[in-house]
Amino acid sequence: MKTALVCGAGGFIGGHLVKRLKREGFWVRGVDLKFHEYADTEADDFVVGDLRDQQFCRSVIDRRFDEVYQLAADMGGAGYIFTGENDADIMHNSATINLNVLDAVHKRNIQRVFYSSSACMYPAYNQEDPDNPNCAESSAYPAAPDSEYGWEKLFSERLYLTYGRNYGMQNRVARYHNIFGPEGTWTGGKEKAPAAVCRKIANAKDGDAIEIWGDGKQTRSFLYVDECVEGTLRLTRSDFTGPVNIGSEEMVTINQLVDIVADIAGKRIEKNHIPGPTGVRGRNSDNRLIEEKLGWSPSQPLVKGLEVTYGWIERQAMRNAA
Ligand code: NAD
């Protein structure tokens, strides 16, 4: 039986990845600071602990797993990573996790680790025009991410690649672009735009206004979590190192995102634009490289994933209200 380790298994993408690996017949160990908030884990072994602790890292990486996925990070949506208040924690915590996990994996002679970087590492100067952002993998340098979260991702993706060059490891690096779906953070301050919009609309009555940070004309693309997991597995099992974008090319404004969710909810929703952290003006995945190297790229329309996600968040919101 094949074995896999998922670091960050108590989180959103890690939780979905565990389910997928179980469906494929893997024996899975999940590791996280906490149990999954929204679903019982399907991992065969789930260890709660802190990957900033080197000894703990060594204790959970106690065998040669066939596949290792490193998704643990101190992260959140714009309200967490763009305000500046959490910068020291974000950089220290995530960098320490990556240094520890990679060292422990290397000392166990595991040859390959998947690492989840982020589109937040792309330079801000290429993302000022909302209609024409440039997020081609080759546009990463000169580096100028607009957040410390992005700088840590850039440092860590380079870290994984150095272990490839110096120690012969075959690590794989993806740059995720705004992943969304059910069983992810939807309230509390760490949620991202699709979940926040779904929650606000689920809590709104027909004709109500919801608050939107900025003018809502900033553009993004959003990838449904199942396609993110599919891309992650394909990259990990391929001959291609990356870094490569795993994202959707269906770019929308935040105002359009609100309209799509309002349509799904069957509600008329007004927008009240207020000051708030918004990040870059435009961002979209560029999928030419993943198509070339893996012969695959995400294809599901945004609305399909939003229907499932809105339904899940609406049920959570109703349960909370009750
Ligand atoms: P998440 O916050 O739901 O999951 C991350 C998990 O890491 C959390 O469960 C958290 O408890 C765990 N963790 C944090 N510190 C830890 C520690 N010291 N020890 C053990 N576990 C710890 O986030 P997610 O959306 O599932 O993202 C997974 C990965 O993908 C992260 O590395 C994130 O930066 C990256 N990413 C996500 C997106 C996205 O849109 N969701 C976009 C780009 C990159």
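Just so you know, these numbers come straight off a predicted model, no measurement behind them.
Taking CD1 from I81 and CD from E152, the interatomic distance works out to 11.5 Å, rounded to the nearest 0.5 Å. Atom CE of M169 sits about 7.5 Å away from atom CD1 of I110, to the nearest 0.5 Å. One distance of note links CD of E249 with CZ of R288; it measures 8.5 Å at 0.5 Å rounding. Considering CD1 of I212 and OG1 of T253, their distance stands at 10.0 Å, rounded to 0.5 Å. The distance from the NZ atom of K2 to the CZ atom of F65 is 14.5 Å, given to the nearest 0.5 Å.
Between D226 and K19, no side-chain nitrogen of the basic residue sits less than 4.0 Å from a carboxylate oxygen of the acidic one, so the salt-bridge criterion is not met. The existence of a salt bridge linking R268 and D206 is confirmed by a sub-4.0 Å separation between a basic side-chain nitrogen and an acidic carboxylate oxygen. The pair R237-E24 counts as a salt bridge, with a side-chain nitrogen and a carboxylate oxygen less than 4.0 angstrom apart.
Remark: D259 engages K271 in a side chain to side chain contact (heavy atoms under 4.5 Å, CB included) (not counting sequence neighbours).
Cation-pi geometry between R319 and W186 is not met: the NZ or CZ atom fails to fall both under 6.0 Å from the ring centre and inside 45° of the normal.
Environment of NZ in K205: sparse, with no more than 12 heavy atoms of neighbouring residues, nucleotides or ligands closer than 6.0 Å.
Between the side chains of N100 and R52, no donor N or O sits under 3.5 Å from an acceptor N or O.
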Please tabulate, for the side chains in residues 171-178, all donor-acceptor contacts under 3.5 angstrom to protein atoms that are two or more places apart in sequence or on a different chain.
{"residue": "N171", "atom": "OD1", "partner": "V113", "partner atom": "N", "Å": "3.0"}
{"residue": "N171", "atom": "ND2", "partner": "Y160", "partner atom": "O", "Å": "3.0"}
{"residue": "R172", "atom": "NE", "partner": "S238", "partner atom": "O", "Å": "3.2"}
{"residue": "R172", "atom": "NE", "partner": "F240", "partner atom": "O", "Å": "3.0"}
{"residue": "R172", "atom": "NH1", "partner": "Q170", "partner atom": "O", "Å": "3.1"}
{"residue": "R172", "atom": "NH2", "partner": "S238", "partner atom": "O", "Å": "3.0"}
{"residue": "R175", "atom": "NE", "partner": "E157", "partner atom": "OE1", "Å": "3.1"}
{"residue": "R175", "atom": "NE", "partner": "E157", "partner atom": "OE2", "Å": "3.3"}
{"residue": "R175", "atom": "NH1", "partner": "Y122", "partner atom": "OH", "Å": "3.0"}
{"residue": "R175", "atom": "NH1", "partner": "E137", "partner atom": "O", "Å": "3.3"}
{"residue": "R175", "atom": "NH2", "partner": "E157", "partner atom": "OE2", "Å": "2.5"}
{"residue": "Y176", "atom": "OH", "partner": "T232", "partner atom": "OG1", "Å": "2.7"}
{"residue": "H177", "atom": "NE2", "partner": "N245", "partner atom": "OD1", "Å": "3.1"}
{"residue": "N178", "atom": "ND2", "partner": "S221", "partner atom": "O", "Å": "3.3"}

